[in-house]
Engineer: 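Next up is a structure, given as structure tokens.
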Amino acid sequence: MDALLDGMIASGELPADINRKAVTVEPPRDASHGDLATNAAMVLAKPAGLNPRALAEKIAARLDALEEVESVSIAGPGFINMTLTAATWAGELRAIEQMGADYGRSSSGAGVTVNVEYVSANPTGPMHMGHCRGAVVGDALATLLEAVGHKVIREYYINDAGGQVDVLARSAHLRYAQALGEDIGEIPEGLYPGDYLVPVGQALAEEYGERFVGAPEADWLVLFRTRAVAAMMEMIRSDLALLGIHHDVFASEAELQAAKKPEAAEAWLRDHDLVYDGVLEAPKGETPEDWEPVELPLFRSTKFGDDQDRPIKKSNGSWTYFGADMAYHFQKAQSADQLIDIWGADHAGTVKRIQAAVAALTEGKARFDVKLVQMVRLLRDGEPVKMSKRAGNFVTLADVVREVGKDVVRFTMLTRKADAQMDFDFAKVVEASKDNPVFYVQYAHARIASLGRKAAEAGMALPAPDLSRLGTEELALVKLAAQYPRIIEAAAQAREPHRIAFFLGDLAASFHSWWNMGNDDAARRIIVVNDAHITAVRLFLAQQIGQIVRNGLALMGVEALSELQ
RNA sequence: GCGCCCAUAGCUCAGCAGGAUAGAGCGUCGGAUUCCUAAUCCGAAGGCCACAGGUUCGAAUCCUGUUGGGCGCACCA
């Protein structure tokens, strides 16, 4: 299309300064209009000084001359519809076979490194279902970006410097005392009650004996914190591994602070008058009683669209979460061209300030997106499951994955766009019933795999497939399958991995439909025992569909099954 | 009070940077199993795309406002 427009500019039919971005070429919603449609005539009519229909005629004439194009028609206000030759589609089908697992991959993102930070759960306990969606979405997005040629860094930020890890250390100290025979009774309010700290306490007891019993906190806090965090991260890594998730980089907030990164960022910002000492206004709405005006170092996030300047240090001189996070993002931007954070929707309120900080520190150079993943409401027997980390009654990720399998969890989490809320009906997922769309897609793949086995059993000698024998229904399936690369490209562009799941659902539906034609009419089956030629063609098509299903599932981190029990 | 996200069939959701008659699954109703896996398929019913304006050849999609729901709102993490 680009070449065609070039030709028209060269011949003076179009002015040179046209806006090409508005020109689209895509399959029309209604297949009866043709294989491809373009709005070029309507978009370009004004600058060309022609009415859309007249321009459409000129473009259509040129399109018609192309070898791949079977026929062209003009419709409505100036749509140009094209039908491609069967040979063109057959060629696309062969391309799927030749490229195999690479079909759909591209290099459009080559040379651009993207850092995807996801999960980053606080190291204070095992992963629970609340973390699950962000983990899956982040991981699938990372894989998707790799598929279009980006270099991707998968990163996890360990929040090991705040008050919550001190609480963790105290909780571990209690378990340590318990391991040495002390009766600790009820876990006090404000400490983590989970059993997962018991082994941590035991290990510390074995190593240090009674040395820290009744000792002042200053003697053991750092040690216990370090050990407990390490143990929690170990646990989190193994939970993530159950989902097939592995990060390249684990960045520690404590190390970042030890390396004085926040100080460096502050100095730079002060030089540029983006940090100043000031007093925050009282919070809007109900003012807490203990609120007092205090002078703090503030970042001018209002300059970048935030509604309030944000403190980077607390009144006790330590860094706020934001202060450290700002430095952390600056660090990430050193080794990547683009940054993506996957956050839970409960952090939505802090998006603007961090975007402001990144814009300031990178002087607007780094593309930075925060993808908010909405809450997942867990249902059991139709009732919402209440979870609280404090109370220790959360549903762990590991439990769910062990029960229903990683593939079901991963696929299910990708069947909704990330910024829409989602109900996760626990009972249905545990049942692994037909309500899980993953089975629908898997079933299609299993059927395709069984075709290969059946053909082999029948002992048919299959000739090389003659693709000119593809029928109308088969060609329709080829056309749908051929959209796969476009879907991947668009999904990567929009950073929406769920589109893959929907496409696979469509593809599986078309395949099942095609398959079932054989139920009404034996001559329409894929394997026709007395016709090796038609069997060869249909089997070839089925296998390429299977290839695409495998490719799509691979991007989602889901294994394609060859058999269902 | 303020900010962010959302609003599409009875229910759960798609709708690909504005395109032609708005789609799917579930549910409801009616069909298809001596047959390559019926865990599937075919058909029917079901819509003021929350509401009101605007932008243009053209809006579910973009802009403004309203209503309704979710999340958040000190130096927490």
Side-chain angles (χ1 to χ4, degrees), chain A residues 21-22 24 26-30 33 37 39 42 45-46 51-52 75-79 81 122 124 159 161-165 253 280-288 290-291 294 296 306-308 310-316 318-323 325 344-352 372 374-375 377 415-417 419-423 425 433-435 437 439-440 442-444 446-447 450-451 453-455 457-458 483 486-487 489-491 493-494 496 498-499 501-503 505-506 509 512-522 525-529 535 538-539 542 563-564:
Chain A
K21 279 180 76 180
T24 62
E26 52 190 17
R29 196 175 291 167
D30 185 342
H33 289 131
N39 62 354
M42 290 180 290
K46 231 175 230 174
N51 78 53
F79 286 102
N81 296 319
N122 282 341
T124 55
N159 301 134
Q164 83 284 1
V165 283
E253 182 184 1
L280 281 178
E281 286 173 34
K284 302 277 158 54
E286 276 182 60
T287 305
D290 58 348
W291 185 85
V294 190
L296 293 167
D306 201 357
D307 40 289
Q308 200 177 15
R310 304 291 174 178
I312 60 172
K313 274 185 184 173
K314 307 179 201 170
S315 50
N316 67 10
S318 66
W319 295 100
T320 62
Y321 182 84
F322 170 64
D325 204 26
D346 51 343
H347 291 81
T350 64
V351 171
K352 272 191 180 168
L372 291 179
Q374 280 291 340
M375 299 290 128
R377 202 165 57 128
T415 51
R416 208 127 302 177
K417 66 181 173 211
D419 52 12
Q421 285 157 232
M422 171 183 215
D423 278 355
D425 196 321
S433 73
K434 62 177 177 169
D435 286 339
F439 286 104
Y440 187 76
Q442 291 284 22
Y443 186 40
R447 276 181 153 175
S450 90
L451 286 171
R453 294 193 296 267
K454 288 282 172 186
E457 278 170 27
Q483 285 188 39
R486 250 191 72 232
I487 299 290
E489 202 63 47
Q493 191 73 31
E496 293 184 346
H498 76 277
R499 292 188 193 183
F502 280 95
F503 176 74
D506 287 348
H512 286 310
S513 179
W514 180 48
W515 170 290
N516 266 72
M517 286 187 214
N519 286 336
D520 299 331
D521 177 358
R525 289 196 199 160
I526 294 163
I527 296 176
V528 183
V529 180
T535 301
R538 291 178 182 170
L539 202 53
E563 263 179 296
L564 303 178

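The structure presented is a predicted model; accordingly, all values stated were derived computationally and were not measured.
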Engineer: Tell me the interatomic distance from A:Leu539, atom CG, to B:C36, atom P, rounded to whole angstroms.
Structural biologist: 15 Å
Engineer: For B:A60, what is the paired nucleotide under Watson-Crick or G-U wobble rules, both distances under 3.5 Å?
Structural biologist: none
Engineer: Among B:C76, B:A20, B:G3, which nucleotide sits nearest the side chain of A:Lys352?
Structural biologist: B:G3
Engineer: Look at the side chain of A:Ser315 and the base of B:C75, then say whether one donor and one acceptor between them are separated by less than 3.5 Å.
Structural biologist: yes
Engineer: Only pairs with both distances under 3.5 Å count, Watson-Crick or wobble alike; so what is the partner of B:G3 in this structure?
Structural biologist: B:C71
Engineer: Tell me, do A:Ile527 and A:Leu451 make a side-chain contact under 4.5 Å, heavy atoms counted?
Structural biologist: yes
Engineer: Using only side-chain N and O atoms of A:Thr350, determine if any of them is under 4.0 Å from OP1 or OP2 of B:G72.
Structural biologist: no
Engineer: Contact class for A:Ala444 (heavy atom, under 4.0 Å): base, sugar-phosphate, or nothing?
Structural biologist: nothing
Engineer: Picking from B:C4, B:C75, B:U37, which would you name as closest to the side chain of A:Ala348?
Structural biologist: B:C4
Engineer: With a cut-off of less than 4.0 Å, is there a side-chain N or O of A:Arg310 near OP1 or OP2 of B:A74?
Structural biologist: no
Engineer: Let me know the distance between CG of A:Leu280 and C1' of B:C73, rounded to the nearest Å.
Structural biologist: 13 Å
Engineer: Please give the distance between the P atoms of B:C62 and B:A17 as a whole number of Å.
Structural biologist: 11 Å
Engineer: Is the shortest side-chain N/O distance from A:Lys314 to OP1 or OP2 of B:A74 below 4.0 Å?
Structural biologist: no
Engineer: Does A:Tyr321 or A:Ala37 map to a spot on RNA chain B nearer the 5' end, using the closest nucleotide for each?
Structural biologist: A:Ala37
Engineer: Might you point out which heavy atoms bring A:Ala522 and A:Val528 nearest each other, and give the distance in Å?
Structural biologist: O-CG2, 4.4 Å
Engineer: So which atom in A:Lys313 and which in A:Leu296 form the shortest heavy-atom distance, rounded to 0.1 Å?
Structural biologist: O-CD2, 3.5 Å
Engineer: Only pairs with both distances under 3.5 Å count, Watson-Crick or wobble alike; so what is the partner of B:A24 in this structure?
Structural biologist: B:U12
Engineer: Once you apply the 3.5 Å cut-off to both distances, tell me the Watson-Crick or G-U wobble partner of B:C51, or none.
Structural biologist: B:G65
Engineer: In whole Å, what is the span from the CG atom of A:Asp521 to the C1' atom of B:C42?
Structural biologist: 14 Å
Engineer: Establish, with yes or no, whether the OP1 or OP2 oxygen of B:U40 is under 4.0 angstrom from a side-chain nitrogen or oxygen of A:Trp514.
Structural biologist: no
Engineer: Distance check, C1' atoms only: B:A7 and B:A39, in whole angstrom units.
Structural biologist: 34 Å
Engineer: Taking all heavy atoms of A:Trp514 and all of A:Arg538, pick out the closest pair and write down the distance.
Structural biologist: CH2-O, 3.6 Å
Engineer: Within this structure, what is the CG-to-P distance between A:Asn519 and B:U37, rounded to whole angstrom?
Structural biologist: 11 Å
Engineer: Between B:C4 and B:A9, how far apart are the two C1' atoms, rounded to whole Å?
Structural biologist: 29 Å
Engineer: Mind calculating the distance between OH (A:Tyr440) and C1' (B:U37) to the nearest angstrom?
Structural biologist: 14 Å
Engineer: Looking at the side chain of A:Asn122, which of B:U37, B:C75, B:A77 is the nearest nucleotide?
Structural biologist: B:A77
Engineer: Can you tell me how far P in B:G15 sits from the matching atom in B:G58, rounded to whole Å?
Structural biologist: 26 Å
Engineer: Between A:Gln164 and A:Asn159 (side chain of the first, backbone of the second, donor and acceptor by atom type, cut-off under 3.5 Å), is there such a pair?
Structural biologist: yes
Engineer: Decide, applying a 5.5 Å centre-distance limit and a 30° plane-angle limit (both strict), whether A:His512 stacks on B:A39.
Structural biologist: no
Engineer: Given that both distances must come in under 3.5 Å, which nucleotide forms a Watson-Crick or G-U wobble pair with B:C41?
Structural biologist: B:G31
Engineer: Please determine if a side-chain N or O atom of A:Ser450 lies less than 4.0 Å away from the OP1 or OP2 oxygen of B:U37.
Structural biologist: yes
Engineer: Using atom C1' in both nucleotides, what's the gap between B:C51 and B:G46 to the nearest angstrom?
Structural biologist: 23 Å
Engineer: Quick one: which of B:C76, B:A77, B:A20 gets closest to the side chain of A:Ala75?
Structural biologist: B:A20
Engineer: Whole angstroms only, please: what is the CG-P distance between A:Asn516 and B:U37?
Structural biologist: 12 Å
Engineer: Provide, to the nearest angstrom, the distance between the OH atom belonging to A:Tyr443 and the C1' atom belonging to B:A38.
Structural biologist: 6 Å
Engineer: Is there aromatic stacking of A:His33 on B:A20 here, judged by a ring-centre distance under 5.5 Å and a plane angle under 30°?
Structural biologist: yes
Engineer: May I ask you to say what A:Gly163 touches in the nucleic acid, namely base, sugar-phosphate or nothing, with a heavy-atom cut-off under 4.0 Å?
Structural biologist: sugar-phosphate
Engineer: List the atom of A:Arg499, the atom of A:Ile487, and the distance in Å for their closest heavy-atom pair.
Structural biologist: O-CG2, 4.1 Å
Engineer: Measure across A:Ala345 and A:Leu372 and return the closest heavy-atom pair with its distance rounded to 0.1 Å.
Structural biologist: CA-CD2, 4.4 Å
Engineer: Find the distance A:Asp520:CG to B:G43:P and express it as a whole number of Å.
Structural biologist: 11 Å
Engineer: Indicate the atoms forming the closest heavy-atom contact of A:Asn81 with A:His33, along with that distance.
Structural biologist: CB-O, 3.0 Å
Engineer: Using ring-ring contact (aromatic ring centres under 6.0 Å, His included) as the criterion, list what pairs up with A:His498, not counting sequence neighbours.
Structural biologist: A:Phe502
Engineer: Base, sugar-phosphate, or nothing: which does A:Val294 touch, judged by heavy atoms less than 4.0 Å apart?
Structural biologist: base
Engineer: Tell me, for nucleotides 9-19 of chain B in 5' to 3' order, what letter each nucleotide earns: B for a base near a protein heavy atom under 4.0 Å, S for only sugar-phosphate near one, - for neither?
Structural biologist: ---SSSSBB-B
Engineer: Taking only the P atom of each, what is the distance from B:G18 to B:C73 in whole angstrom?
Structural biologist: 35 Å
Engineer: Using the C1' atom as the point on both nucleotides, what is the distance between B:C71 and B:G30, in whole Å?
Structural biologist: 45 Å
Engineer: Please give the distance between the P atoms of B:U34 and B:C26 as a whole number of Å.
Structural biologist: 23 Å
Engineer: Is the shortest heavy-atom distance from the side chain of A:Arg447 to the side chain of A:Trp515 under 4.5 Å?
Structural biologist: yes
Engineer: Looking only at side-chain atoms of A:His347, point me to the closest of B:A20, B:A77, B:U40.
Structural biologist: B:A77
Engineer: Would you check if A:Arg486 and A:Glu26 make a side-chain contact, meaning some heavy-atom pair closer than 4.5 Å?
Structural biologist: yes
Engineer: Pull up the glycosidic torsion of B:A17 and say syn or anti, syn being anything within 90° of 0.
Structural biologist: syn
